[in-house]
There are 2 protein chains.
Amino acid sequence: MSKKIKLGIVGYGNLGKGAVKAIKETRDMELVAIFTRRDPKDLDMNEPNVKAVHISDAVDYKDKIDVMLLCGGSATDLPEQTPHFASMFNTVDSYDTHAKIPEFYQSVHEAASKNNTTAIISVGWDPGLFSINRVMAESVLPNGETYTFWGKGLSQGHSDAVRRVEGVKNGVQYTIPAEDAIEKVRSGQNPELTTAEKHRRVCYIVPEEGADKAEIENTIKTMPNYFADYDTEVNFITEEELNRDHSKAPHGGFVIRGGNTGEDNKQIYEFSLKLDSNPEFTSSVLVAYARAAYRLSNEKQFGAKTVYDVAPGHISERSAEELRRDYL
Amino acid sequence: MSKKIKLGIVGYGNLGKGAVKAIKETRDMELVAIFTRRDPKDLDMNEPNVKAVHISDAVDYKDKIDVMLLCGGSATDLPEQTPHFASMFNTVDSYDTHAKIPEFYQSVHEAASKNNTTAIISVGWDPGLFSINRVMAESVLPNGETYTFWGKGLSQGHSDAVRRVEGVKNGVQYTIPAEDAIEKVRSGQNPELTTAEKHRRVCYIVPEEGADKAEIENTIKTMPNYFADYDTEVNFITEEELNRDHSKAPHGGFVIRGGNTGEDNKQIYEFSLKLDSNPEFTSSVLVAYARAAYRLSNEKQFGAKTVYDVAPGHISERSAEELRRDYL
């Protein structure tokens, strides 16, 4: 048995917890430690073979960890944490603020290139698997139109964003696709659809006591990148209702391209996910790409990378020979 | 405008004709010549800027063509043609006899490695895009089951195979998936299904005059790799019926993986294609991967490659920067 790939996890929220479970499903990777900003003694993780370590002591693990999974949020954690950790470790993160990816990439690329590490950014399903399918669909069908639909589902990134709004105690956000729009796209009509025609965003917010609800609603509805361009609905509920009705994190979506070849032959390319648990799936993708980060680093392909730079065989546990024989 | 990638096509059947159309949809590639075993004067291609050249003169184009698209059949053409052309050119082919891929790979790899060319083998949708999805789905959801369904559609490889049977004048083969099996898989039940429970194979054969129909039927039904393991139906029709009812080449199919993460959360991963024209789509994939063959060759990554070795960004016309900004 060859040496296992040694992983660390930074951040023990939903994504970090999902990563712990996902690593257990692999045969070629093992978890060494979880790094937290909290007091490590307070981490209730029930994993006897895994250390809980304060985030400031991560530097001591430089030679003990092959790839660090960065499981913080995109709004404030990752813009700081990814360049920091990429200066010491190979990393994988799920940075998902689409509009700011170029500047995020740049700061990570500088840190990783200078320190000979490999940092795969924006991994998960969107950005991630959906991104791959948008590009592959367009590359094989240049004459056509690509559509991305999300949901119905709870969006981690958007829920994170509403919870950071002043006066919000807790909250969740669901993205809901428009069924009639999906059917039009599947039929190959290539309709023109605004983002608002494709989805709605629905928030359930638990306000802090005495908070200004109108102000919360306005802040959410005008938040750039996340909500400003969407038809957004904000509902206020109690903590009890939130726990009772909104404790699961389902999600999913569709990437569909309708393309034409030759004399008007319609070709429909579709990729979809239907997920009971968004954070567990996202962290499963992170763990698979940790394998690629490890291999790229061994090949001295340093710097920031995205899913576009990773060949499919690099995320598989299996050898190239096995893939050709049994999967091609 | 940077230099266009110069392509050649070997073989002017359905796939070669599709490739001519697919190249026209790209902005960064151009077709230089079509190579044929027939008399080049007899090639009715109606393309004033494209030369028709006898296949034996291909060597004269070594410095004029960046990538050769090999559009012959898998049964007898490609096992001979790919190693031959890979000794002179970068190549892309659609070799699709799954069971013989390892030995095909080996012979192509030797020719390409020795001559510093890049040969991407078994490109298309299955093998090809479906292969990629089988591996990615398993890599992100190690605990689960993957299912491939084909059809309803006319299979080029299988139609090619029936037409090579002695006594067959012409013929087509349709693959038909079992709807109830698909629904079971989509529900996340991960049922056990034999190949015969997932599909049927239906052939429409025009026999040569005086041919032994029972012998034809037996030869088809017992053909290894192609038909022996399937529930196969053989129908005999006239040439007139074939032209009237079976002149289109639709196809498609599904790769679905039902996976579990954490405490029994079901995660459904699905990729599907619905194609009006199978050869036009397959050749569109070949053309996209010609871009990758050209780039890998420039990076001195010589030898035989498969879709597992090609990063998604390498098949896109767009720059890495553009992909990160607009597609991630």
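Letters go in sequence order (proteins before strands), and every chain restarts at 1. Worth saying up front: this structure is predicted, and the values here are computed from it rather than measured. As a basis for the values below, the full set of heavy atoms in this structure was taken, side chains included, without hydrogen atoms, waters or symmetry mates.
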Using the side chain to side chain contact (heavy atoms under 4.5 Å, CB included) rule, take B/L328 and A/Y105 through it: C-alpha gap first, then chi angles, then the decisive distance, then the call.
CA-CA 11 Å; B/L328 202 59; A/Y105 170 86; over 6 Å; no
Mind checking whether A/F271 and B/F271 have parallel, tilted or perpendicular rings, split at 30° and 60°?
tilted
Checked B/E25, B/H314, B/H98 vs chain A; the most non-hydrogen pairs under 4.5 Å come from B/E25
Which value, rounded to the nearest 0.5 Å, describes the distance between A/I101 atom CD1 and B/L323 atom CG?
11.5 Å
Sub-4.5 Å heavy-atom contacts with chain A: which residues of residues 251-263 of chain B show up?
B/T261, B/G262, B/E263
Which bit of A/D326 comes within less than 4.5 Å of chain B, counting heavy atoms only: side chain, backbone, both or neither?
neither
When only pairs under 4.5 Å are counted, which of B/R318, B/R325, B/K274 shares the most heavy-atom pairs with chain A?
B/K274
Can you list everything that forms a ring-ring contact (aromatic ring centres under 6.0 Å, His included) with B/Y327? Sequence neighbours excluded, please.
none
Side chains of B/E321 and A/P102, heavy atoms from C-beta outward: is any pair under 4.5 Å?
no
Would you mind checking which part of B/K21 comes under 4.5 Å of any heavy atom in chain A, side chain (CB onward), backbone (N, CA, C, O), both or neither?
side chain
Which answer fits A/K248, side chain, backbone, both or neither, if we ask what part of it has an atom under 4.5 Å from a heavy atom of chain B?
side chain
Within residues 295-313 of chain B, contacts to chain A at heavy-atom distances under 4.5 Å involve B/T306, B/V307, B/Y308, B/D309, B/V310, B/A311, B/P312, B/G313
What are the residues of residues 132-146 of chain B, in order of number, with any heavy atom under 4.5 angstrom from a heavy atom of chain A?
B/I132, B/N133, B/R134, B/V135, B/M136, B/E138, B/S139, B/V140, B/L141, B/P142, B/N143
Given A/A320, A/P250, A/A288, the one with more heavy-atom pairs under 4.5 angstrom with chain B than any other is A/A288
Checked A/G18, A/A22, A/S131, A/S283 vs chain B; the most non-hydrogen pairs under 4.5 Å come from A/S131
Below 4.5 Å, heavy-atom pairs only: which of A/S284, A/S122, A/G188 has the largest tally toward chain B?
A/S284
In terms of heavy-atom pairs under 4.5 Å with chain B, the winner among A/F281, A/F130, A/Y289 is A/F281
